[in-house]
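When a ligand or atom number is given, it counts from 1 through the structure's own listing order. Values below: all heavy atoms of this structure, side chains included; hydrogens, waters and symmetry mates excluded.
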Amino acid sequence: MSSIVALITVLLLSLAQLGLARYVRVEWDVGYVQVNRDGYVNRRAIGANGALPIPPIYMYHGDTLLLTVRNSLDMATSVHAHGLYQNGTAYMDGAGMVTQCGIPPGETFTYEIYAEQVGTYWIHGHYHSQNADGLRAPLVIQERHPAYKYDEEMLFYLEDWYPTEAVPKMKEVLAPSESGLPPPPTFPYGLINGYNGNDTKPIRFRPGGRYRIRVINMATTEWWKFTIPGHKLEVIEADGVMSYPHVVDGLDIAPGQRYSAIVTAHDSVEFNYMYNCTLYADFVPWIPGMNPRHYMGLVEYHPDAPIKHIATPDDGLLKWANDIEMRALDGAPAMPVDRQIELTTRGYVTTDKRNLRELGIVPYAEPQKVPTLFTAMTMGELAMDPRVYGPQTQAIVIPHNQRVEILLKNVQSLPHPMHQHSVPLQIVERGPVDPSEIEIAKGINVSASDLPRITRRTNYHNPMLRDTFNVPPFEYVKLRFQGTVPGCFVHHCHVQTHFVAGLAATFVVAPEVLQRTQRIPEELIGMCRRQGLKAEGNVMGNWGYDLEGLPPVPTQQPGSFQTLSLN
Ligand SMILES: *[C@@H]1O[C@H](CO)[C@@H](O)[C@H](O)[C@H]1NC(C)=O
Ligand SMILES: *[C@@H]1O[C@H](CO)[C@@H](O)[C@H](O)[C@H]1NC(C)=O
Ligand SMILES: *[C@@H]1O[C@H](CO)[C@@H](O)[C@H](O)[C@H]1NC(C)=O
Ligand SMILES: *[C@@H]1O[C@H](CO)[C@@H](O)[C@H](O)[C@H]1NC(C)=O
Ligand SMILES: [Cu+2]
């Protein structure tokens with residue numbers, strides 16, 4: 001009798017769980033919009049359903065997002081759910097010419113995005129730099145049983161905004177330059193929750209309340225700092241990975257990164273406070289009023305209370321969230337490794353006078369006729385050989401379940417926020433690169449005080465995992481992951497100009513499993529064909545090692561370095 005009751009209970013519970021998982025349907029008609037977002041310039045941008053900003057998407061763990069994208073642009077488009085695993089659905093990752101041909105103008109495609117994870121993410125264009133023209137929106141996946149208790153949650157999504165369109169600008173950035181120098185940098189304005197940063201909205205705290213504040217840096221180039229002077233931030237999430245509380249004064253967030261922090265309100269309503277969102281870049285000149293830009297908003301405890309201005313100490317004296325110190329909540333020790341892959345961020349002038357970047361051998365580019373994933377799916381045993389993907393996709397083949405350590409070295413003077421598609425990686429070590437490896441461009445004065453001051457730091461015991469990690473100038477980071485999720489996943493800098501200049505590689509994970517377990521939807525195959533591209537064969541759509549038609553690989557002008565900002 002009791003066993004029947006138990007059985008019925010189990011059945012009811014699993015039915016309830018099934019019933020909970022939902023389909024969340026969202027439609028984006030992606031097209032040009034005319035907007036004034038920064039209070040200065042009315043310009044053409046890329047929005048959805050005739051508007052910008054694109055509203056945030058909220059869903060629960062276990063839900064499936066059905067995101068229907070209709071392309072009303074005059075060029076192909078695709079969108080990527082940044083940080084989502086795509087375990088079993090590699091062709092839904094949205095990286096243009098990596099996991100799909102773009103959606104042609106006038107066509108529609110529905111992305112199926114399963115929320116295997118919880119936390120704070122975003123969805124953005126992943127074709128022709130459309131991300132930088134506005135095609136981006138937050139994605140929040142809520143826990144069904146939150147690991148931490150809080151009364152309310154708040155979202156800050158932070159962007160940078162340029163006066164000119166990104167798609168033509170990127171062409172200019174990549175064009176040959178007689179001087180050998182990139183175009184001079186411009187400094188953007190900041191947007192908070194979709195609007196002019198000056199126009200900050202108040203947030204309201206009740207005495208003693210606990211607030212989960214999610215902060216996303218959706219900028220194209222710049223970093224954001226977030227503080228609420230007079231309050232501590234208890235960081236509990238980085239890039240969708242829950243952590244033990246990490247108590248700090250502020251968040252210093254690189255493009256593509258996200259954090260959640262719990263803030264406990266003061267018990268008294270005697271004062272109101274200000275929150276502080278600061279847009280900045282370390283790598284362009286520090287000009288008061290321009291770089292950095294400070295945007296302050298009200299933290300209201302009581303409508304009549306005066307504002308308590310807190311004298312802020314020098315940024316160097318504040319404690320900032322630091323992923324090497326964080327510990328994953330459901331964590332594990334550093335995984336053992338089968339293989340180390342060394343990647344070095346370099347930039348230089350090529351013999352044809354272009355400013356390009358690379359992570360290893362040659363600058364990444366997408367010159368192909370076949371998306372990398374389609375090559376992996378159709379080349380049989382040859383899919384294990386990086387040569388069939390062509391040198392410029394920078395394909396690194398990882399057999400199923402191989403455990404990999406990436407040693408990522410930044411030997412030059414720009415920081416790079418590197419993003420790994422699909423699964424997050426364990427961050428086990430950070431430290432200074434060997435001084436003998438540092439490349440300093442002629443004519444630039446780097447003194448000993450500019451060289452890294454950090455010492456080597458490790459966390460092999462319970463490392464944090466994340467999908468976007470900052471690699472500061474002259475530092476290295478060691479990352480570990482296991483190839484459990486089959487697919488072709490790009491590893492790229494999230495500064496858009498660095499990405500288009502070539503700072504990327506492609507991890508081709510378990511092609512042998514891909515071929516056995518996944519099938520590319522007919523719709524995606526048709527999209528390639530209708531654009532004169534191909535859906536099978538090697539990088540050029542041929543069989544075997546015939547790469548006929550592949551453009552030549554750019555080569556470095558001997559002795560040239562590229563350390564100036566390209567934004
Ligand atoms: C934003 O505020 C600053 C400082 O008050 C001011 O100089 C600037 O013109 C404002 N910008 C806009 C777009 O309102
Ligand atoms: C992906 O799915 C496979 C098969 O279901 C599973 O073994 C693996 O653990 C999953 N990986 C992740 C990161 O969820
Ligand atoms: C705002 O934050 C920035 C970056 O941390 C800091 O330099 C600045 O002093 C802060 N301003 C105020 C008024 O707190
Ligand atoms: C580098 O330092 C030297 C000596 O202090 C100075 O003459 C020169 O102008 C500096 N160059 C640059 C690019 O700042
Ligand atoms: Cu970069």
Run the numbers for me: atoms of ligand 3, each under 4.0 Å from some heavy atom of Trp320, listed by number. 5 (O)
Near Lys225 (heavy-atom distance under 4.0 Å), the atoms of ligand 3 are 4 (C), 5 (O)
Check this for me, if you would: do Arg144 and Asp63 make a salt bridge, where the nitrogen-to-carboxylate-oxygen distance has to be below 4.0 angstrom? yes
Taking only Lys NZ, Arg NE, NH1 and NH2, and the carboxylate oxygens of Asp or Glu, determine whether Asp249 and Lys319 approach each other closer than 4.0 Å. no
Any non-hydrogen side-chain atom of [X] less than 4.5 Å from a side-chain atom of [Y]?
X      : Y      : value
Tyr111 : Leu65  : no
Ile113 : Tyr121 : no
Gln117 : Leu84  : yes
Pro463 : Ile427 : no
Leu158 : Cys277 : yes

Among Ile228, Leu155, Ile262, whose side-chain contact (heavy atoms from CB on, under 4.5 Å) with Ile213 holds? Ile228
What residue among [options] forms ring pair (Phe, Tyr, Trp, His ring centres under 6.0 Å) with [X]?
X      : options                : value
His126 : His82, His492, His419  : His492
His494 : His124, His416, His80  : His124
His231 : Tyr273, Phe271, Tyr275 : Tyr273

With only distance considered, is [X] within less than 3.5 Å of ligand 3 through an N or O on each side?
X      : result
Asp315 : yes
Asn276 : yes
Thr278 : yes

How does [X] reach ligand 3, by side chain, by backbone, by both or by neither, if only non-hydrogen atoms under 4.0 Å count?
X      : value
Met274 : neither
Tyr295 : neither
His309 : neither

Drop me the distance from Met218's CE to Ile123's CD1, to the nearest 0.5 angstrom. 10.5 Å
Go through Glu342 and Lys409 one step at a time and tell me if the salt bridge (charged side-chain N to carboxylate O under 4.0 Å, His left out) criterion holds. CA-CA 8 Å; Glu342 195 174 308; Lys409 296 193 290 187; 2.8 Å; yes
The Cu ion (ligand 5): protein N, O or S atoms [distance under 2.8 Å]: His416 ND1, Cys493 SG, His498 ND1
Determine whether any heavy atom of Tyr273 lies closer than 4.0 Å to an atom of ligand 3. no
Angle between ring planes, Phe481 versus Phe507, binned at 30° and 60°: parallel, tilted or perpendicular? perpendicular
Neighbouring protein residues of ligand 2 - any heavy atom closer than 4.0 Å: Tyr85, Asn87, Glu116, Val423, Thr484, Val485
